[in-house]
Engineer: 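Okay, handing you the structure first.
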Amino acid sequence: MSSLAVVLAQAPQTTVINLAPGAGTPAADPNAPIPTPPVLWAALLPILVLGIGGLVLLTISSLLKKGAPRGFYTLYTVMVAGLSMAAAVPLWAKVNGWTKIAWWDFRDLWWQSLPTEAGPFSTLGQAIGVDGLSVFLILLICIAVILGSLLSDDFLLREGLEGPETYALLLFSACGGVIMAMADDLIVLFLGLETLSIAVYVLAASHLKRAQSQEAGLKYFVLGGFSSAFFLYGIAMLYGATGTTNLVAMKDFLSRSIPANNALLLIGFALLLVGFAFKVAAVPFHAWSPDVYDGAPTPSVAFMASGVKAAGFAGLVRVFVVAFGQYAADWQPIVYALAVLSLVVGSVLAIVQNNVKRTLAYSSVSHVGFILIAVEAATPAGIQAVLFYLASYTFMVVGSFGVVTLVGRVGDGRHSLDDYKGLGRTNPLLAAIFTVFLLAQAGVPFTAGFVAKFYAVIAAVDAGSTVLAVIAMISATIAAFLYLRIIVAMYMTDSDGRSASPVSRAERIRIPFATGLSLLLCVLTTVGVGLLPGPLTELSAKGTPSLVREPARTATDGGLTVGTTGTEAAPGQSQQQG
Amino acid sequence: MVDIIWLVPALPLLGFLLLVFFGKRIGEPLAGWLATLMVGGSFVVAVAVFFGLLDQPEHTYEQVLFTWIPAGDLHVEVGFLVDPLSMAMTLFITFVASLIHLYSIGYMHGDERFPTFFTYLNLFVFSMLVLVLGNNMLLTFLGWEGVGACSYFLISFWFTKEANASAGKKAFITNRIGDWGFMVAMFATFFAFGTLDYTKVMGQAGGLAKTTATFIALMLFVGAVGKSAQIPLYVWLPDAMAGPTPVSALIHAATMVTAGVYLMTRANPIIAASDGYVGWTIAGVGAATAFVAATIGMAQHDIKKVLAYSTVSQLGYMFLAVGSGAYVAAIFHMITHAFFKACLFLGSGSVIHGMVGEQDMRLMGALRKYMPITAGTFIVAWLAIAGVFPLSGFWSKDEIIEFAWHKSPVLGVIGFVTAVLTAYYMSRLVFLTFYGEPRWGEHAVREVVQVGGAGSEEEATTEPTESVELVNGLPLTSERKPVVDAHFHPHESGWTMTLPLVVLALLSVIGGVINLPGSHLLANWLEPVVAAGESHLEPTATYILIFSVISTALALGGIGLAYFVWLKGSRQLQRGFEPVFLEKAWYYDLTLAAFMGGPGRRLFEAISWFDRTVIDGIVNGVGAATLGVGKKVRRLQNGYVRSYALLVVIGVVLITAFVLTRMLQLS
């Protein structure tokens, strides 16, 4: 938190600059050529790598006559995601003012084309912003892709669904997620949201042999479309209120003047929040998630619960905490209500489920409640808590669904609690790994989950929402019961001999290499972050969002002039000023 | 060179990890050699660091590895504080530990869990080093709990025996009380200083309010009492002898049990800033423990039990020193005690090894002829602990008594009396074990007696009128059979066991040189750490001479008494010197057990009833209510998209209604 303050203090601050006229209005002269904004390709590289990677994957696979060698698609996806992460590293360095990491000196690279001054910047007519938040989330979403594709590898083979589609869809949806994370413009944000969502709808329906999967895809699609409409309507309202869809301009406008029609603005907030709440599955917009999680192929669920949620929260934080930080008093009560409902409904409904996938779906709703209390704080500490929570939750939830994938066995259907009975005896290793993830989700000390919950609660308390923090802790206690219920089922063999499927219990489950690798990474991170939260804390503290104006262009060379960059950002700052 | 300090704990940790993962595959004896090598390497590094430390300003160096817990105000780092105190501790811990590791290779030979033993042993050394080197209280606490855990594991290492398992449990439960004190002290320290770093805390301790300092000091002392087995929490240590003998030597004599003394020395500025009665309490508890444990040691038959009570008694001396403000003397005695007590324990282990597991001294005797090296080294260590001039024990014990006398002649007299008792019970042990007539093998007296009904020996309470075979008055168990076999002969142990004995015996002789009255090497070295709390004496030469003469006379007196009773005396006379209430350890343990089994148990049952009915009732009630609500609400989740969409619409309507009402309020 203190380091965040330092970053803020060092960021170049300029007082209100008159924005170039017509940030959102069409050019005055109809005959003039449509102005094209300058493009900093280096900043777009993470998006491009994922998008083009997906397209190339489809092309290659259609050219191959005999099908790809075993594991090729997985390897390819992991490499593309890794490449995208690598492309994000110089951006991270730029934002933090580093010139090199270890032996890798960026100054010889395309890095040169970025603004020479350190700090966050924007490009593409300030539609795309590069700051701590966006780079942090690029890395996180790519990690979710890597972990998810590793889980898919053996799953697809087992289910007889081999093919490039799952991987391509993962890459496209990650591409959408990254666009959401970087979007400084509501239209771009919507574009990212749709790219992400459509790919995920298809992913949910991609288990061709299970009717439930098709049903899940359809439900998700219908309800998703419904909520997208609200989202778009919200954008329209905000455009009506401020005359722009660009967040930078919008924030600037709101800080300078009071909108003539307050109703438009507030309804815009409300509808936009509905859209985000649906994406992250906050109560009461969560109803789709248990059904979809239950029906969708389990590895895809792992990605949905990690990558998709991370992208949703990225948008939520950027739009509400940063751009509309000034209007926090107006949207905070709504987030407050969403948080309380998610926490309580999520944990209470989770404990009455008999299906492990549904249980985890509700538990993820209650996790969303936890993240929302950090959003509600609307402080730098809150944002840090959000990022920390997202990062740790990614590993916990992918790990959990990874185990569920294996226990589900052929047909991906054995998810009842009975199927977990005696797992501790037949598959001690798998049961032990699952126990780690469940304990981490319950927030047991020395796991990442504990630290994440701790930071979220601290952020809420520091922001004065003590009641919310207390509700969160009580619901965490209720939720602990559901995790323990699964653990008990795994280790306590039933004495009354009621056995749902005796055959399944005797079976030993082989842990395939790719899945095992993914689980290993998840376990190591979950426990490692729990023992040594320091590094991730610092990383998430650097994930500061900020809305930066694009430097003015000189007419002659179309290049960049530096020095006029102004940082208009960070809720902490605006609060101090207000 | 000081910056390689992290290697000192890292090497045993590496050994532990290797043994955890590959221990079974490495097997015997390589696992043992690996563990020994790691600890030995740790010692070598410690020596290098020591020479590096000489060049450091104020002989202090702090190495911060990383930030462990950055949680708001609580900022805890993982780092090592290398200062004279921790350096001295590190050197003797790694040195003694390497010798005991080497010894264990021979002692644990043939045990089926050989690699596991060394896994625990390496983990123990790692934890102990973290305890000593940690630069903040939390890290010390981590090590504190780590050594505790290893101690419990190792006490019940042979867990198939009921007694061993329950001894482990006893140690665990008793130590909880001490740990509670340490934790409270830690919270109080954080409230008072806002940090747990030793350098900051001890630097600012002088300005602490008296009541706060008193509270922290007392709570730390509660922690120390638990870990270092002082009255009233000493009961676990004698039982802890159920573990393998190298464990008794390393953990329950040389290192872990001295952690309390280390903690008090580390916290000497806080004790100095506290009320005067804190020092008196510490000194009083120390003196009482020294005396009581020594008297119990006079009447024990189990060779390890005698040494265990002796350890408790010697630890009492160290606390007496701490309470008298003689921190240097406490550390000095801790080091010399580590040498001679480790030598004695390892010697007893060698005896037990030679006697195929027999620990009762009534079945020993005349062993010096069969185990010359063990006997020789044991005798040297015996003279050292008895305080015979000029062996190491003489110097360190004398110094403590001098300071105690200075604090109060009463404490000094207790110190002197305990010294006589120490000389006496140790001589009794040596005479019974190594001198006199053999009482094993063909020399053992076998008899068959009819026991039954009330009033029979505790060990033989079974069905009435059953015939029991006794050997030298002891029941003949299956484990005891080989010792009383007519062809039995004790044998000397192998070199891995005798080499550490020889080295330790040598150090028991010359260990005193680190702090002779003329040179005060250790005192000068520790000066920066203990400056705040150390009291100073300027004894004249005559004063020292008188003290030396008195204590030598007393030591010889104790040895002489034991000689006349245990070598020359009749069985009748010997009986008189083993009063039952001392053999039963002042009935303290039995009383405790009786209380816990009687009124205490009823109290606990009442609490447990309250917990079950009231507390659990509330908890279960909440749980049941939650479940009930959950089952009702669940019906909303009916699987129809139209219901879900309705839910979304309801949500949207509610939120929009909210913002609109809000807007109306504003305008």
Engineer: Taking all heavy atoms of B/F658 and all of A/D330, pick out the closest pair and write down the distance.
Structural biologist: CE2-O, 4.0 Å

Engineer: Using heavy-atom distances under 4.5 Å, tell me whether A/I478 contacts chain B through its side chain, its backbone, both, or neither.
Structural biologist: side chain

Engineer: Which heavy-atom pair separates A/P284 from B/G651 by the least distance, and what is that distance?
Structural biologist: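 Nearest heavy atoms, A/P284 then B/G651: CG-CA, 3.9 Å.
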
Engineer: Please report the closest heavy-atom contact between B/A645 and A/F226, naming both atoms and the distance.
Structural biologist: O-CE2, 3.6 Å

Engineer: For atom CZ of A/F221, is the number of surrounding heavy atoms from other residues, nucleotides or ligands below 6.0 Å larger than 12?
Structural biologist: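 Counting neighbours around CZ of A/F221, 12 or fewer heavy atoms of other residues, nucleotides or ligands fall under 6.0 Å, so no.
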
Engineer: Side chain from CB out, backbone as N, CA, C, O: work out which of these in A/A329 comes under 4.5 Å of a heavy atom of chain B, or both, or neither.
Structural biologist: both

Engineer: Give me the contact list for residues 286-295 of chain A versus chain B, heavy atoms only, anything under 4.5 Å, ordered by residue number.
Structural biologist: A/H286, A/A287, A/W288, A/P290, A/D291

Engineer: When heavy-atom pairs shorter than 4.5 Å are enumerated against chain A, which of B/V649, B/I655, B/T656 gives the highest number?
Structural biologist: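 Of the options given, most contacts go to B/I655.
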
Engineer: Rounded to the nearest 0.5 Å, how far apart are CD1 of A/I267 and CG of B/L660?
Structural biologist: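 The CG atom of B/L660 is 4.5 Å from CD1 of A/I267, to the nearest 0.5 Å.
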
Engineer: Can you check whether A/V222 reaches B/Y644 side chain to side chain, under 4.5 Å on heavy atoms?
Structural biologist: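 SC-SC contact between A/V222 and B/Y644 ruled out.
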
Engineer: Does B/V652 reach the side chain of A/F285, with side-chain heavy atoms less than 4.5 Å apart?
Structural biologist: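 B/V652 vs A/F285: side chains touch.
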
Engineer: Please determine whether side chain to side chain contact (heavy atoms under 4.5 Å, CB included) holds for the pair B/V641 and A/L218, giving the CA-CA distance in whole Å, both sets of side-chain angles, and the decisive distance to 0.1 Å.
Structural biologist: CA-CA 9 Å; B/V641 175; A/L218 192 64; over 6 Å; no

Engineer: Would you say B/F193 has more than 12 foreign heavy atoms packed within less than 6.0 Å of its CZ?
Structural biologist: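 Enclosed: over 12 neighbouring heavy atoms sit under 6.0 Å from CZ of B/F193.
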
